[in-house]
Amino acid sequence: MTEIPKAYEPQSVEDKWYDFWVKQGCFTADPVRVTEKRPAYSIVIPPPNVTGMLHMGHVLNNTIQDILSRKARMDGKEVLWLPGTDHAGIATEGMVAKQLRKEEKKSKQDIGREEFIKRVWTWKEKHGGIIIAQLKKLGCSCDWTRERFTMDPDYVRNVQRVFVDLYKKGLIYRGKRMVNWCPATQTALSDEEVEMKPQKGFMYHFKVEVAESMGSATVPVADSGVAPESSSIHLKPEERASGATPDAAGGTPALPGPDGKIWLTIATTRPETIPGDTAVAVNPKDPRYAHLIGKHIVRPLPIQLPREQKLIPIIGDEHVDFEFGTGVLKVTPAHDKADFDIGTRHKLPIVDIMNPNGTMNELAGESLAGLDRFEARKVAVERLKEIGALVEENPYENNVGFSQRADVPIEPRLSEQWFLKYPSVEVSKACVEQEERRAPALREGETETRGAGAPRSAKMRFHPDRWAKVYDHWLTNIQDWCISRQLWWGHRIPVWRKSIQHGDWKQLGTSKWATALAMTLHELVEIKATEGYTTEFVNLSGQCETTLRYWFKNGTWLFEAATVSDVESKEWEKLGFTQDPDVLDTWFSSWLWPFATMGWTGDKAHDSNTPTLRAFYPTTDLVTGPDIIFFWVARMIMAGYEFMGEMPFRNVYFTGIIRDKQGRKMSKTLGNSPDPLELIAKYGADAIRFGTMRSAPLGQDVLFDEKDVELGRNFCNKLWNACRFRQMQGSAGASPANEGAPPAQSEVEGEINPTLLTSDDHWILLRLDTGIREVSDALASYNFSTAVQTLYRFFWSEYCDWYVEASKAALPVERHPDMSAYPQHTGSRFSPEALKLRNNKLAVMDFVLGHTLRLFHPFLPFITEELWHGMGFSKELPENQGGQTIMVAPWPKPLSDEEKNYFGLDDTADKVAAAKYELVSLGRNLRRELKLDPAKKLKFILKPAGTLPAAEIEVLKLLLNAEVVEVVAKSWIADKGTPSASNALGELFLPTAGLIDFAAERIRLTKEVEKCRAEKEKVEQKLANPAFTEKVPAKVLEEHRQRLADWQAKEKQAQTSLDDLPV
RNA sequence: GCGCGGUUAGCUCAGUGGUAGAGCAUUUGCUUCACACGCAAGGGGUCGCAGGUUCAAACCCUGCACCGCGCACCA
């Protein structure tokens, strides 16, 4: 490093080192290298959407993973950070469909499934790599040789295997159920993809006539010519409301009104679904309505239907809450989940009045058919008004489920879908450690459980562990997972179906394969050919691997063939079987991520010999957001147990959610989401990493502010300049960066000679030791912001602000410490002794910087690598110990007892320097309070408490910006009124003859006395309390006594000075 | 409704029972020869409220208020 720029320029450094790391294979994991001494450490990346662009959430998440990976490498582990992307079914399909519409004015149906999928692949090849390139910019040390995509052929095969396996186990089934239907994307969704949002709408009350109200008939009145609207249309709603309608709070039975009819009022938020009502339900215990059960009402919509077709029964069902609404519930089994359940209980007909796209169909009646559901709602209200059925219309807020992705209200819809009954639920539930259940002893051993080959605890840990409760709760109330999606882009369900008339086997054709199969089928079905459903499985072993499932009903067989074999599926197709058109939920592929990316095949014998799986599964850590705890984390755990027989990861770290500085979520519409790449370009990758980590406390959301990145840049610049300063001092000899140099080598030039260490050196070495401990501990407990703040404090406040500044007293300014070149400097500083001291100080600096760079490397990979080489620390180190790259230089260890002994560091070794720095602050304070010219070099007088070497005085002089620091004897007495300050080191005077502003000094001293007195009294009060002195531990009592003495002394001194001030 | 988290300096947050902290912002001063992306010195807080436990509470307990999040949900 010959010429060092004044400021750190990240742009010229980052690409260079990233390319270097990749070329040298620094990120590549090799399972062969894993041994007991070199344990494996692994993380699988939460695969970002292949359509995605890097956002701040990715920055947070991936920086953490990178820190963990880099730290693990420095710990000497074999690290696999496995990257990849996710095919993001709905998002990607939507994007390509949109493009198609825009560029070619075509729908996906226009070009067909095969062509459409081709287009998606083209799109993926072109744009799919963007986010990966962005991760590289951030410095992520992923093993790119193992990059995976959830639509890779191997991965697709794994998804199919898993599907067929679960199908075989009877955990996957197809059924007609109520699902969450997204009318925008026209697919079913899982419960997790539905977000409840409060919506402002209206509660409509409408009235219906009880058909049997005349008391004559229990049979529906066939009065087709006269629809109820014609007879009641003359009445105004309010008249009706006050008439026969029972008061919801009343409790009196609903009886015929003056017109001889009984009217019921029904409350609904969705009047457009009235045509789909197939019953009206009341609570059988409700005295108002119980007598009506079994009678019918006349459904008001659609209007045009003849009266007898509108009659629907009044049923009794406990589900109905009599407090709510009017206590009368309209039951729409096709369009409401709860209603569907009621319908099932009462065997009600199901009338689906909507199209898949959310428009009404012809069953909704002429006036609604073709309208969008929300439009239809308005029209339905109009119709009700027209016929006089609408009683009330009140603003109402309720919660409506929205499709998370499309942000439109979901529509409960009855449809045929595939469901998964979750596997391995109990073991997955039990494996996660809950805070209250954990033994205290285990908490201590936290660091050991991470990354080590054999975990001490068999449990999985969540960080912060409160998420374990959320996880547990979800698993306890778990519902079957709707896994089919009506999309084209994704893993198509590997099931082929055909229905065959009983005995009509010739339908299968006459091929050899078909004949053999038909024979088998024939034999089997002959035996089982009884009416009803069966769920027997036929494994046609010997002939094929397909799992066949069949049902028999009404003389027809329905066959379902599930297979992963391309050859066999072709055969099924030849036999007229057709593949299920649906694809699987994207999460149904990502839940396999931790092992499907590692060469898993599902064949136990094979997998147990797959090196990657053997070495790296289970993975060590998973880093993700709590928002996908159900979508991904929980499901991966179940898949891990089900298919690998083991947990997929030992620790899960949940990041916070990145928000803007006002606490709002980052969103595209708000425009509050900064582009990380712009920030990287502006401030550097290290800066954005540092800033993000610094402001991301464990388990809390992160309020992001560009200021944080700026701080990161400033920090990098500080690091840069501290190294630059060191570099300008020239060589101290041999490479000093060796870890814990053994005492035997101490005589080597450039190594630290303990006999030459000053109090400052002792102090910084102890501070370094503390820093190493704190950073290591913080990382072991995933407290990244604590780690960063510790580093910040150590490096900036301790090393730069105090140590380097103090060191300047012992370091000549000139670049070359060749004495002959500077004849004007003939003082002690340039004596051979001083030169030795100087070199020793440089050696200490190198020692500290060498450790510091390594401590920073996981957080700031680029600048530390640049400086590591630039400072020459890489020289003379073995290739695999930092010689090639700082990436694998050993992580700094706290100083051992041996090292501390060698350096002469006991627990009090930092006391002198600490007192010195405190006295400097006091002295600077004096100067300031007395309003003395800060630039002027002043004379200070020191009366030391003990003896102080001359070198210490030099340091004081420099740090106080003094002209001179004159040391005086104990007997020396200051002139009256000389401002002073004192601490353990001694008493510091600032003789100010002629300079002093007495008024300012009086104010200063008065304030000082007051403060001392207040503090003194606080302590006195405590000590005066007998309860305190009796019960308090001796140590605390002693502290208080000492504190009292200190304040008393200070007060006395300040008071004396005040008294001595000339009037 | 149930659960979780939060409430400490203007802002963002540390702080596991014993003298209230950091960064940013702010004030003042400084072209001190590594760094103005810097240096130095300040100002600024009855730790959300009310009780309780304790010699001692920001910290432990109880209740309340407010903010945020999750789950559930009644038409």
Side-chain angles (χ1 to χ4, degrees), chain A residues 4 6-8 196 203-204 266-270 273 281 319-332 336 338-339 396 398-399 464 466-467 469-470 473-474 477 626-627 629-630 656-657 659 661-663 683 687 694-697 699-705 707-708 710-729 783 785-786 789 792-793 796-797 800-801 804-805 808 813-814 920-921 924-929 931 933-935 937 958-959 961 1015 1018-1019 1022-1023 1025-1033 1035-1037 1039-1040 1043 1046-1047:
Chain A
I4 309 186
K6 199 169 169 181
Y8 173 56
M196 300 305 277
M203 178 71 87
Y204 302 95
I266 300 174
T268 182
T269 53
R270 300 199 63 188
T273 64
H319 169 78
V320 181
D321 174 359
F322 22 127
E323 302 287 320
F324 195 89
T326 60
V328 185
L329 172 66
K330 71 194 251 332
V331 183
T332 327
D336 184 281
D339 290 4
Y396 185 72
N398 64 342
N399 281 328
R466 62 188 152 87
W467 293 110
K469 211 170 179 174
V470 177
H473 182 255
W474 184 75
N477 300 289
D627 48 335
I629 189 167
F630 311 138
I657 294 180
R659 298 169 179 280
K661 58 180 164 184
Q662 280 125 51
Y683 298 104
R694 196 176 165 285
S695 55
Q700 295 301 130
D701 286 354
V702 185
L703 300 198
F704 178 82
D705 187 344
K707 283 263 174 211
D708 294 323
E710 202 179 311
L711 183 87
R713 179 208 46 191
N714 295 354
F715 188 83
C716 289
N717 190 55
K718 189 75 178 174
L719 183 61
W720 182 259
N721 271 289
C723 287
R724 179 163 171 253
F725 173 76
R726 166 62 193 91
Q727 197 72 354
M728 289 166 85
Q729 305 305 317
N783 281 293
S785 71
T786 307
Q789 289 188 48
Y792 188 98
R793 183 207 69 213
W796 200 312
S797 310
C800 291
D801 288 352
V804 172
E805 291 306 318
K808 285 177 179 173
V813 174
E814 292 76 16
V920 167
S921 289
R924 286 170 176 170
N925 198 336
L926 278 182
R927 177 199 281 265
R928 155 97 182 183
E929 300 245 359
K931 296 191 168 41
D933 179 359
K937 288 199 182 285
L958 186 85
L959 294 180
N961 191 26
E1015 293 295 337
K1018 265 202 271 183
V1019 188
K1022 275 186 147 182
L1023 285 166
N1025 184 352
F1028 176 76
T1029 48
E1030 281 161 24
K1031 295 192 180 178
V1032 86
K1035 191 183 160 221
V1036 176
L1037 185 61
E1039 270 170 21
H1040 279 75
R1043 205 185 303 157
D1046 287 350
W1047 286 119

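Reminder, nothing fancy here: chain letters follow the sequence lines and each chain counts from 1.
Dashed line: the shortest gap from a side-chain N or O of A:Asn398 to OP1 or OP2 of B:A75 is under 4.0 Å. A:Asn399 has no side-chain polar atom (N or O) that falls below the 4.0 Å cut-off from OP1 or OP2 of B:A72. For the OP1/OP2 pair of B:A20 and a distance below 4.0 Å, the side-chain nitrogens and oxygens of A:Lys1018 include at least one atom meeting the criterion. Close to B:G38, at under 4.0 Å from its OP1 or OP2, lies no side-chain N or O of A:Trp720.
Among the nucleotides B:U19, B:A41, B:C24, the one closest to any side-chain atom of A:Arg924 is B:A41. With distances taken from any side-chain atom of A:Phe630 to the nucleotides B:C71, B:A41, B:C37, the minimum falls on B:C71. Nearest nucleotide to the A:Arg928 side chain, out of B:C39, B:C73, B:G42: B:G42. Comparing B:C4, B:U19, B:A34 by their closest approach to the side chain of A:Lys469 singles out B:C4. The side chain of A:Arg659 lies closest to B:G68 when the candidates are B:G68, B:C71, B:G18. Nearest to the side-chain atoms of A:Trp796 among the listed nucleotides B:C39, B:G23, B:A75 stands B:C39. Distances were taken from every side-chain heavy atom of A:Lys707 (C-beta onward) to each of B:A41, B:U19, B:C24; the shortest belongs to B:C24. When the nucleotides B:A75, B:G18, B:C37 are ranked by their closest atom to the side chain of A:Ala7, B:C37 comes out on top. In this structure, of B:A75, B:G18, B:C73, it is B:C73 that holds the atom nearest to the side chain of A:Met196.
Between the P atoms of B:C24 and B:G70, the separation comes to 33 Å (whole Å). A distance of about 25 Å separates the P atoms of B:A50 and B:G15, rounded to the whole Å. Across the P atoms, B:U53 and B:C11 are found 34 Å apart, a figure rounded to whole Å. When the C1' atom is used for both B:U32 and B:G38, the distance is 11 Å, rounded to whole Å. Comparing B:G51 with B:G10, their C1' atoms are spaced 31 Å from each other, to the whole Å. Annotation: B:C74 and B:C69 have their C1' atoms spaced 24 Å apart (nearest Å). Distance noted for atom P between B:G1 and B:G63: 16 Å (whole Å). When the C1' atom is used for both B:A9 and B:C4, the distance is 28 Å, rounded to whole Å.
Checking side-chain atoms of A:Asp708 against main-chain N and O of A:Phe704 turns up no donor-acceptor pair under 3.5 Å. Put simply, the side chain of A:Asn717 gets close to the backbone of A:Tyr8: a donor and an acceptor are under 3.5 Å apart.
One interatomic measurement links the two molecules: CG of A:Leu719 to P of B:C35, which rounds to 15 Å at whole-angstrom precision. Rounded to whole Å, atom P of B:C69 lies 17 Å from atom CD1 of A:Ile629.
Side-chain contact between A:Lys6 and A:Arg724 is present, with at least one heavy-atom pair separated by less than 4.5 Å. In this structure, the side chains of A:Arg924 and A:Asn961 stay at 4.5 Å or more apart for every pair of heavy atoms.
Backbone-only contact: A:Asp801 has heavy atoms under 4.0 Å from sugar-phosphate atoms and none from a base. Contact annotation for A:Tyr396: backbone-only contact, meaning every heavy-atom pair under 4.0 Å involves sugar-phosphate atoms and none involves a base. Among the heavy atoms of the strands lying under 4.0 Å from A:Leu703 are primed sugar atoms or P, OP1, OP2 only; no base atom is included. Residue A:Pro1026 is out of contact with every strand shown, counting any heavy-atom pair closer than 4.0 Å. If you check every strand for non-hydrogen atoms under 4.0 Å, A:Val331 touches nothing. When heavy atoms are screened at a 4.0 angstrom cut-off, A:Cys800 is found touching base atoms of the nucleic acid. Residue contacts shown for A:Leu711 are limited to sugar-phosphate atoms, with no base heavy atom under 4.0 Å away. Nucleic acid contact class of A:Ser695 (heavy atoms, under 4.0 Å, all strands): none. Looking at heavy-atom distances under 4.0 Å, A:Tyr792 makes contact with sugar-phosphate atoms alone, never a base. If you check every strand for non-hydrogen atoms under 4.0 Å, A:Val328 touches nothing. Residue A:Asn961 is classed as having no contact, given no heavy-atom separation below 4.0 Å to the nucleic acid. Contacts of A:Met203 with the nucleic acid, taken as non-hydrogen atoms under 4.0 Å apart, are absent. Nucleic acid contact class of A:Asn925 (heavy atoms, under 4.0 Å, all strands): sugar-phosphate only.
Using Watson-Crick or G-U wobble geometry with both donor-acceptor distances under 3.5 Å, B:U12 finds its partner in B:A22. With a cut-off of 3.5 Å on both pairing distances, the Watson-Crick or G-U wobble partner of B:C39 is B:G29. Look at B:C73: it lacks any Watson-Crick or wobble partner with both distances under 3.5 angstrom. The partner of B:G17 is absent, by the rule that a Watson-Crick or G-U pair needs both atom distances under 3.5 Å. When both pairing distances are held under 3.5 Å, B:C64 makes a Watson-Crick or G-U pair with B:G48.
A donor-acceptor contact under 3.5 Å is formed by the side chain of A:Glu805 with the base of B:A34. A donor and an acceptor atom sit less than 3.5 Å apart, one in the side chain of A:Lys808 and one in the base of B:A34.
A:Asn398 and A:Tyr396 make their closest contact through CB-CE2, 3.6 Å (heavy atoms, listed as atom of the first residue, atom of the second, distance).
Ring pair A:Phe715/A:Trp796 is tilted by interplanar angle, where 30° to 60° counts as tilted.
Residue A:Arg713 is the one, among A:Ser921 and A:Arg713, whose nearest nucleotide of RNA chain B lies closer to the 5' end (criterion: closest heavy atom).
Annotation: cation-pi geometry not satisfied between A:Lys718 and A:Tyr792 (NZ/CZ under 6.0 angstrom from ring centroid, within 45° of ring axis).
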